[in-house]
Amino acid sequence: MPVQYISGFTVVLEVLSRFWPVWIALVIVMGTSFAYKKKLALYGQLFDSGVGIVGVGICLFWLFTAIFAATISPFDPLAQIPIMKDVLPGAVEPQSGLTYLFGGDKLARDVFSRMVYGSQIVLIIAPAATGFALMVGITLGLPAGYYGGKIDTVLSFLANLVLAFPVILLFYLLVTPGIMDTPIPYGMAGVFFLFPIIFFSVLFWTRYKNRPDRLYILLGITLILGGWIYLGLVFDRDPLHIVHIDPNQLNIFVAVVFASSPGVFRIVRGLVMDIKTRDYVAAAQTRGESPWYIMLWEILPNARGPLIVDACLRIGYTTILLGTLGYFGLGLAPESPDWGTAIKDASRLLRSFIHPALPPTIALMSFVLGLNLLADSLREQSMKD
């Protein structure tokens, strides 16, 4: 039975209709945010500029796409239907009557469904890895900038040592199969994943050490929740079987944290060296506050603007890096629907079929663009503050 096709205009309408839960979620979130923007602090200020609105809209679009991927996608991203191999956009699958909206790839998989599910991988790894890198960089950058001396010398030397390696070469060394089969990634994960637990424990201790009723509750929540996530990520021993990460994703996760942490460290160190000379820091020292209290509750809140901007940009860099690794076939499984792997698979037949390469390329470009616009708007707001 020959494959039937629908018109291009119908394809556009079907694509828009497949995203119906995303449109509903966007209207609710964006509408509510705009209505209450004066009460939403820095996030609400993003809606005062067109750049901020567009940046937030693009980022939320891909966030909701990842959340509702199972509803949006008409096919399983790994399903192969032989008759649909290399079909053009708008091809109707004979048995189900569903449409390969963006066509089929060389393995007869639906390009549209793979693009949608690829957003899940990007939005799981990139923001989470950037968050852990921030925890590591902040925890080490605060004492380096505040104390100076030997602490600063040792930590800065280690950071510069990592930064001396080209990023692509560093990732290539960390995600090659030979390294993945060793305990090295799990050992590095065991060290890096301790930093959020340490950070929040010290944060609550310095703030509420004179209020044990609140301190013990917050420390208990931190240790229980942190320990639960730690067991699931590092040892895959989550008793509830909720927290889990595939070995390939863990390896990439660790590599991102390892490569990004020194950059965050240098930014935090520089900010602390500037802010620690301010009058309100001297006032806190006069009150007899501990150094870690001053670092976490006086200096860090006043450094939040540049750090938030850097986090947005770093998520974009990480997204591009994940795409690059996927293009070279490193890290994730070959059948993974992530955008980099999809671009790599499509590029081999680019002269014959261009349609499988365009959707993941545009998706990657648009998400990074949204993050850059968001960072630009945040930078403007932080300068006003």
Side-chain angles (χ1 to χ4, degrees), residues 42-43 45-46 55 59 125-168 170-171 188 191-196 198-200 202-203 253-278 280-281 291-322 368 371-385:
L42 183 60
Y43 171 72
Q45 294 174 13
L46 294 174
C59 292
I125 296 180
T130 301
F132 276 93
L134 284 172
M135 290 289 98
V136 176
I138 290 173
T139 306
L140 297 178
L142 287 173
Y146 187 81
Y147 289 113
K150 293 183 179 179
I151 296 177
D152 182 24
T153 301
V154 172
L155 293 177
S156 295
F157 173 78
L158 294 175
N160 292 330
L161 192 64
V162 176
L163 291 172
F165 284 91
V167 175
I168 295 297
L170 184 62
F171 269 79
M188 296 174 66
V191 174
F192 291 144
F193 294 170
L194 281 175
F195 277 88
I198 295 172
F199 175 84
F200 285 106
V202 176
L203 182 75
F253 199 96
V254 169
V256 170
V257 176
F258 182 71
S260 300
S261 299
V264 179
F265 165 84
R266 294 185 67 176
I267 293 174
V268 173
R269 173 182 174 272
L271 290 170
V272 173
M273 293 178 68
D274 174 49
I275 296 175
K276 72 177 183 180
T277 61
R278 306 288 174 85
Y280 54 82
V281 174
W292 276 101
Y293 177 91
I294 295 173
M295 284 185 271
L296 292 171
W297 293 99
E298 297 289 346
I299 295 177
L300 186 59
N302 289 283
R304 68 185 185 278
L307 289 178
I308 293 174
V309 173
D310 177 73
C312 292
L313 293 174
R314 202 167 293 277
I315 293 173
Y317 299 152
T318 302
T319 302
I320 296 173
L321 198 53
L322 292 175
V368 175
L371 289 169
N372 288 339
L373 293 176
L374 189 60
D376 288 341
S377 181
L378 287 169
R379 185 185 294 112
E380 292 179 4
Q381 297 301 329
S382 63
M383 291 177 64
K384 294 179 182 178
D385 294 340

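This chain uses plain numbering: 1 for the first residue, then up along the sequence. Just so we're clear, the structure is a prediction, and the values are computed from it rather than from any experiment. Reckoned from all heavy atoms, side chains included, excluding hydrogens, waters and symmetry mates.
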Working to the nearest 0.5 angstrom, can you tell me the gap between [X] [atom1] and [Y] [atom2]?
X	Y	atom1	atom2	answer
Tyr147	Leu155	OH	CG	12.0 Å
Leu46	Asp376	CG	CG	11.5 Å
Ile125	Thr318	CD1	OG1	10.0 Å
Tyr146	Glu298	OH	CD	10.0 Å
Thr130	Phe253	OG1	CZ	8.5 Å
Leu271	Lys276	CG	NZ	13.0 Å

Under 3.5 Å donor-acceptor, [X] side chain and [Y] backbone:
X	Y	result
Asn160	Ser156	yes
Arg304	Pro301	yes
Ser377	Leu373	no

| So with a 6.0 Å cut-off around OH of Tyr293, is the heavy-atom count from everything else above 12? | yes

| query | Under 6.0 Å between ring centres, would you say that holds for Phe132 and Phe195? | reply | no

| Val136 and its side chain to side chain contact (heavy atoms under 4.5 Å, CB included) partner, picked from Thr139, Leu140, Ile138, Leu134 | Leu140

| said: If you compare all heavy atoms of Gly263 against all heavy atoms of Arg314, which two are closest, and at what distance to 0.1 Å? | reply: C-NH2, 3.9 Å

